[in-house]
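Worksheet: the structure to be examined is printed underneath.
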Amino acid sequence: MLSENLKNLRKAKGLSQEELAARLHVVRQTVSKWEKGRSVPDAELLIRLAEELDTTPAALLGPELPQAAEADRVAEQLGRINEQLAIKNRRARRIWKIVAGVLIGAVVIQLLLLLLSMASFRSFQTEAESTVQAQELPLGEP
């Protein structure tokens with residue numbers, strides 16, 4: 001990758017091999033060897049080379065990830081995940097509301113049935129008491 005990156009960046013800057021070599025204080029053949037992949041610069045030269053080409057040593061040595069594009073892609077993916085979570089949460093809330101409504105409805109029905117049975121029992125009890133009272137004889141009579 002160094003050879004291709006070096007050649008592309010040098011040409012993008014409008015420099016010849018000879019001009020770049022002069023700036024780095026090396027001979028043109030050295031730059032040619034780097035671009036053909038026959039040799040590589042040492043660490044110090046790599047740093048100076050990157051400075052001359054307005055880039056980083058990492059960009060010269062390999063494919064540099066475009067950070068802005070990567071950040072946009074991550075942001076887009078996070079947006080999709082966030083949207084999916086919002087949909088899931090809305091569904092869950094809707095389900096819980098339905099469950100709560102059914103439970104409240106069941107409790108209300110049970111209470112109504114209980115009240116009706118109590119009212120019916122009181123009515124029955126009242127009828128039974130009046131029947132018993134009507135059948136009771138006064139104590140002084142034979």
Side-chain angles (χ1 to χ4, degrees), residues 1-139 141:
M1 281 298 189
L2 172 69
S3 58
E4 293 172 22
N5 290 342
L6 174 57
K7 188 174 187 178
N8 292 336
L9 288 169
R10 177 184 59 79
K11 287 183 177 182
K13 285 274 291 188
L15 297 172
S16 67
Q17 287 181 347
E18 195 167 321
E19 290 171 326
L20 183 59
R23 290 183 181 189
L24 296 172
H25 306 291
V26 296
V27 295
R28 183 198 59 78
Q29 289 82 358
T30 303
V31 175
S32 176
K33 286 180 183 179
W34 292 340
E35 287 184 359
K36 290 180 181 178
R38 292 186 185 157
S39 69
V40 293
D42 63 17
E44 183 182 322
L45 267 175
L46 182 65
I47 293 170
R48 287 183 24 219
L49 184 59
E51 288 172 355
E52 287 296 327
L53 297 174
D54 296 325
T55 189
T56 64
L60 281 173
L61 293 173
E64 184 175 20
L65 294 175
Q67 294 177 357
E70 182 73 19
D72 289 344
R73 193 181 69 172
V74 169
E76 182 181 326
Q77 191 173 16
L78 286 174
R80 277 183 280 168
I81 291 170
N82 205 11
E83 185 177 330
Q84 291 171 352
L85 286 174
I87 291 169
K88 184 179 177 182
N89 285 339
R90 280 194 298 267
R91 286 180 185 161
R93 274 183 287 206
R94 193 176 309 137
I95 289 170
W96 280 112
K97 284 180 182 179
I98 291 169
V99 168
V102 168
L103 289 175
I104 289 172
V107 168
V108 167
I109 289 172
Q110 289 291 339
L111 287 174
L112 287 174
L113 290 174
L114 181 65
L115 289 173
L116 287 174
S117 67
M118 287 175 60
S120 175
F121 179 73
R122 284 188 187 175
S123 171
F124 176 75
Q125 186 179 18
T126 306
E127 282 182 33
E129 286 175 357
S130 46
T131 305
V132 168
Q133 286 175 356
Q135 291 177 357
E136 285 183 359
L137 294 173
L139 286 176
E141 298 179 21

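If you read the sequence from its start, that first residue is 1, and numbering goes on from there. Here the structure is a predicted model, which means the values were calculated and not measured.
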* Asked: Atom CG of Leu115 and atom CG of Leu112: how far apart are they, to the nearest 0.5 Å?
  -> 6.5 Å
* Asked: Is the side chain of Ser117 donor-acceptor paired with the backbone N or O of Leu113 at a distance under 3.5 Å, no angle test?
  -> yes
* **Point-to-point distance, once rounded to the nearest 0.5 Å, from NZ of Lys7 to OG of Ser32** => 9.0 Å
* Straight-line distance of Trp34 CH2 to Arg10 CZ, nearest 0.5 Å -> 12.0 Å
* How many angstroms lie between atom NZ of Lys36 and atom CD of Gln29, to the nearest 0.5 angstrom? -> 10.0 Å
* Taking only residues two or more places apart in sequence, or in another chain, which ones meet Leu103 in a side chain to side chain contact (heavy atoms under 4.5 Å, CB included)? -> Val99
* Structure fact -> The reported gap from CG in Leu49 to CG in Leu2 (rounded to nearest 0.5 angstrom) is 7.0 Å
* Closest heavy-atom pair and its distance - Pro57, Ala50 -> N-CB, 3.6 Å
* Is there a donor-acceptor contact under 3.5 Å from the side chain of Arg48 to the main chain of Leu24? -> yes
* If every non-hydrogen atom of Glu18 is compared with every non-hydrogen atom of Arg28, which pair is closest and at what distance? -> N-CG, 3.9 Å
* Passing candidate, side chain to side chain contact (heavy atoms under 4.5 Å, CB included) with Leu61, options Thr56, Leu46, Asn5 -> Leu46
* Asked: What residues, two or more places apart in sequence or in another chain, satisfy salt bridge (Lys or Arg N to Asp or Glu O under 4.0 Å) together with Lys13?
  -> Asp54
* Would you name the heavy atoms of Glu19 and Gly14 that are closest together and state the gap between them? => OE1-O, 3.8 Å
Please tabulate, for the side chains in residues 82-94, all donor-acceptor contacts under 3.5 angstrom to protein atoms that are two or more places apart in sequence or on a different chain.
unit_1: Asn89; atom_1: ND2; unit_2: Leu85; atom_2: O; d: 3.4
unit_1: Arg93; atom_1: NE; unit_2: Asn89; atom_2: O; d: 3.4

* Would you call Glu52 and Arg23 a salt bridge, taking side-chain N to carboxylate O under 4.0 Å as the test? -> yes
* Asked: With a 4.5 Å heavy-atom cut-off, do Val107 and Ile104 have their side chains touching?
  -> no
* Where do Leu20 and Leu6 land on the side chain to side chain contact (heavy atoms under 4.5 Å, CB included) test, with the steps shown first? -> CA-CA 11 Å; Leu20 183 59; Leu6 174 57; 4.0 Å; yes
* Which atoms form the tightest heavy-atom contact between Gly37 and Ser3, and what is the distance? -> N-CB, 3.8 Å
